[in-house]
2 protein chains.
Amino acid sequence: MGKYGEDSKLIYDLKDQGGELLSLRYDLTVPFARYLAMNKLTNIKRYHIAKVYRRDNPAMTRGRYREFYQCDFDIAGNFDPMIPDAECLKIMCEILSSLQIGDFLVKVNDRRILDGMFAICGVSDSKFRTICSSVDKLDKVSWEEVKNEMVGEKGLAPEVADRIGDYVQQHGGVSLVEQLLQDPKLSQNKQALEGLGDLKLLFEYLTLFGIDDKISFDLSLARGLDYYTGVIYEAVLLQTPAQAGEEPLGVGSVAAGGRYDGLVGMFDPKGRKVPCVGLSIGVERIFSIVEQRLEALEEKVRTTETQVLVASAQKKLLEERLKLVSELWDAGIKAELLYKKNPKLLNQLQYCEEAGIPLVAIIGEQELKDGVIKLRSVTSREEVDVRREDLVEEIKRRTGQPLCIC
Amino acid sequence: MGKYGEDSKLIYDLKDQGGELLSLRYDLTVPFARYLAMNKLTNIKRYHIAKVYRRDNPAMTRGRYREFYQCDFDIAGNFDPMIPDAECLKIMCEILSSLQIGDFLVKVNDRRILDGMFAICGVSDSKFRTICSSVDKLDKVSWEEVKNEMVGEKGLAPEVADRIGDYVQQHGGVSLVEQLLQDPKLSQNKQALEGLGDLKLLFEYLTLFGIDDKISFDLSLARGLDYYTGVIYEAVLLQTPAQAGEEPLGVGSVAAGGRYDGLVGMFDPKGRKVPCVGLSIGVERIFSIVEQRLEALEEKVRTTETQVLVASAQKKLLEERLKLVSELWDAGIKAELLYKKNPKLLNQLQYCEEAGIPLVAIIGEQELKDGVIKLRSVTSREEVDVRREDLVEEIKRRTGQPLCIC
């Protein structure tokens with residue numbers, strides 16, 4: 001309680017069946033912080049893939065559910081500045097690159113820079129949160145609309161809004177960091193200066209990691225959650241592969257995170273702090289994009305990894321099929337057979353086509369006498385006789401399974 | 001609701017926050033059956049590793065929790081008798097063998113044999129359930145005690161109990177199946193005859209799968225859950241490796257399952273049945289046994305798979321460490337570095353000893369000039385200079401990572 005602010009209304013509570021107040025977890029970050037505090041851990045690095053729950057209206061087509069997976073990675077501990085933060089960004093880029101979901105960009109900002117900027121522009125402390133959330137809309141609507149909201153709805157003086165506008169419409173690389181370090185007003189604000197200094201260092205490390213071209217310092221990035229205290233970041237896809245050729249289009253955030261140095265202390269009786277930095281990946285969001293891509297490519301997704309179906313050409317060979325499939329299983333081959341006493345060969349071959357199984361090991365009476373198995377490639381329909389003792393190696397060779405360490 | 005009988009009191013309910021009655025799942029079998037019915041699936045084979053919840057008193061030391069993992073494997077569909085059932089038992093044996101948690105035995109029985117046996121012994125239908133649960137205690141207490149319960153508490157005539165006793169104290173292999181098929185009374189009962197016929201076939205298939213020596217036909221196996229309709233089985237460990245040398249000791253069930261042909265139909269509006277057979281593995285139970293074994297062997301469990309720590313011999317080499325660790329990550333090596341600007345070499349080596357990291361890649365000023373990296377084995381303390389371009393291959397070679405498909 002008291003960690004998610006307004007979002008608390010989205011928490012699922014359990015019925016009180018035995019004098020216990022229990023809830024389903026809303027995210028993996030707050031439980032992680034609680035775990036560190038309860039177990040007095042002062043440094044750890046871990047990933048966690050698990051379900052979280054939100055009592056919200058689901059939007060299935062956009063990959064938004066009430067029960068869904070998050071994949072979190074966090075580094076907790078007192079370390080030298082920006083080294084773990086850079087590793088988090090490296091991991092984010094590694095994951096998004098290897099998923100092949102198209103070009104992406106990681107927007108980076110720092111809560112201390114935002115705080116300092118609001119302060120020097122003349123925003124009162126009490127309005128910081130609400131102005132912050134207006135700024136966060138800049139990825140969806142124009143500056144004019146955001147300014148209207150700030151002035152009309154939130155009562156900011158137009159000249160204050162304009163000063164904010166001059167800053168938050170800027171984005172760029174390390175050169176923008178250096179430019180702002182020379183900014184006569186911003187550089188006078190202690191918090192902003194710390195944030196900018198750390199960002200400069202971060203960019204150095206990201207260059208060494210070879211991912212600086214994926215990173216954009218974006219002063220409009222604000223992030224919704226309360227608990228961030230330093231660097232924040234958010235990965236957006238520029239276009240899905242299905243849209244390739246069309247104009248790049250922001251399709252929203254697929255991963256995000258930042259530094260939260262105060263959260264663990266909120267759970268510790270003595271308020272002992274453990275600095276943390278982490279990231280969270282939206283698994284269903286990414287799945288829906290991957291599915292769209294595969295649909296566009298008309299590619300079928302295999303739901304199994306079966307390498308070979310053990311089949312028979314004649315009746316009364318169930319026992320032989322069971323013996324062979326067992327041999328293959330014991331040798332580490334992913335094999336299947338139809339659960340029928342006397343399946344037709346055609347049905348067995350059709351099953352392979354539907355399930356995307358690449359090979360069929362066909363047992364026949366003549367083959368049994370000769371000590372061979374007919375190995376058939378489903379796509380090419382080629383068949384060769386393989387000696388039974390060579391079958392495992394031949395299947396491994398054809399399905400690209402490592403044979404040995406050489 | 002209405003699927004778990006008495007155990008329903010152990011279900012966690014969610015608070016009604018928006019007109020919805022929701023509960024946390026109690027097991028993976030009933031949700032699987034509901035999934036099949038709702039999606040009109042008539043055949044599928046799947047595994048599922050996920051959490052289930054029981055509002056019960058936890059017993060941590062025995063691996064019994066309120067939130068815990070089950071690993072289920074099920075085969076649904078209309079198939080020829082005993083082929084999927086045999087595959088389930090093969091998988092159970094494969095998993096338990098490869099976990100190296102000691103010798104185990106899989107007790108097998110059939111609900112139809114139990115039903116038939118109770119009928120011919122003179123148990124009235126209404127007492128079947130309660131007598132069944134008495135029988136199920138035979139793995140923990142003596143026949144005398146079970147008989148006392150049947151007669152004293154449950155009002156069975158002593159001669160009826162004695163007739164049951166003659167049957168349920170028997171266990172053996174396929175020869176016991178054949179013996180009972182000749183039993184003048186049991187062989188007259190249609191249900192028992194069907195069950196025995198299927199068990200005979202099952203033993204044939206299990207012999208072909210090479211696991212018949214792990215299987216014991218045990219007439220005292222009854223299983224608690226209501227929904228089983230045919231073959232039932234339960235794997236028990238005979239001794240944990242920690243107890244090796246002592247008398248074999250039953251340490252309880254670690255996996256169990258059976259055939260449930262009626263459950264899917266309970267969820268289908270038209271009552272359409274989908275025959276199913278499956279198994280469930282108690283993950284925490286097995287973890288606690290593995291942990292006991294490792295404690296007994298005084299073996300440390302590594303919590304990471306890191307192959308190499310990127311370290312430096314002198315100060316001011318953070319940038320070089322970041323560059324090298326990034327190179328190694330990009331090449332698929334599991335590498336780490338300490339998040340310190342200028343860590344001491346000794347601290348870096350100690351970290352490897354504690355974390356069980358086998359290799360250290362040490363960067364030094366002289367090595368940088370020579371284009372080499374010092375590769376140190378943590379256990380043997382041997383050091384060799386490796387040319388930077390050969391480092392990835394050398395680490396793969398030393399940590400047994402496959403280099404190529406040959």
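In the text below, chain A, chain B and the rest are named by the order of the sequence lines, each starting its count at 1.
Using a 4.0 Å cut-off between a side-chain N of Lys or Arg and a carboxylate O of Asp or Glu, B/E20 and A/R66 qualify as a salt bridge.
Atom OH of B/Y35 is surrounded by 12 or fewer heavy atoms from other residues, nucleotides or ligands within 6.0 Å. Atom CZ of B/R34 has 12 or fewer neighbouring heavy atoms from other residues, nucleotides or ligands inside a 6.0 Å radius. Counting non-hydrogen atoms of neighbouring residues, nucleotides and ligands closer than 6.0 angstrom, the NZ atom of A/K45 exceeds 12 such neighbours.
In this structure the side chain of A/E87 reaches within 4.5 angstrom of the side chain of B/L337, judged on heavy atoms. The shortest distance between side-chain heavy atoms of A/K15 and B/Y12 does not fall below 4.5 Å. In this structure, the side chains of A/I83 and B/L318 come closer than 4.5 Å at one or more pairs of heavy atoms.
Using a 4.5 Å cut-off between heavy atoms, A/I44 makes no contact with chain B at all. Using a 4.5 Å cut-off between heavy atoms, B/K340 contacts chain A through both its backbone and its side chain.
Among residues two or more places apart in sequence or in another chain, the side-chain hydrogen bond (donor to acceptor under 3.5 Å, both in side chains) test is passed with B/Y69 by none.
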Q | Steps toward side-chain contact (heavy atoms from CB on, under 4.5 Å) verdict (A/L24, B/L14) | A | CA-CA 9 Å; A/L24 300 186; B/L14 265 64; 4.0 Å; yes

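Interface with chain B: from residues 71-80 of chain A, residues A/I75, A/F79, A/D80 qualify, criterion being any non-hydrogen pair under 4.5 Å. Taking 4.5 Å as the heavy-atom cut-off, the residues of residues 323-330 of chain B that approach chain A are B/K323, B/V325, B/S326, B/W329, B/D330, ordered by number.
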Acceptor/donor pairs from residues 198-213 of chain A side chains to any protein atom, 3.5 angstrom cut, sequence neighbours excluded:
residue	atom	partner	partner atom	Å
A/D198	OD2	A/R112	NH1	3.4
A/D198	OD2	A/R112	NH2	3.0
A/T207	OG1	A/F203	O	2.7

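Ranking A/K51, A/E320, A/M82, A/E336 against chain B, the residue ahead of the rest is A/E336, based on heavy-atom pairs under 4.5 Å.
Formation of a donor-acceptor pair under 3.5 Å by the A/Q17 side chain with backbone atoms of B/D13 is found in this model.
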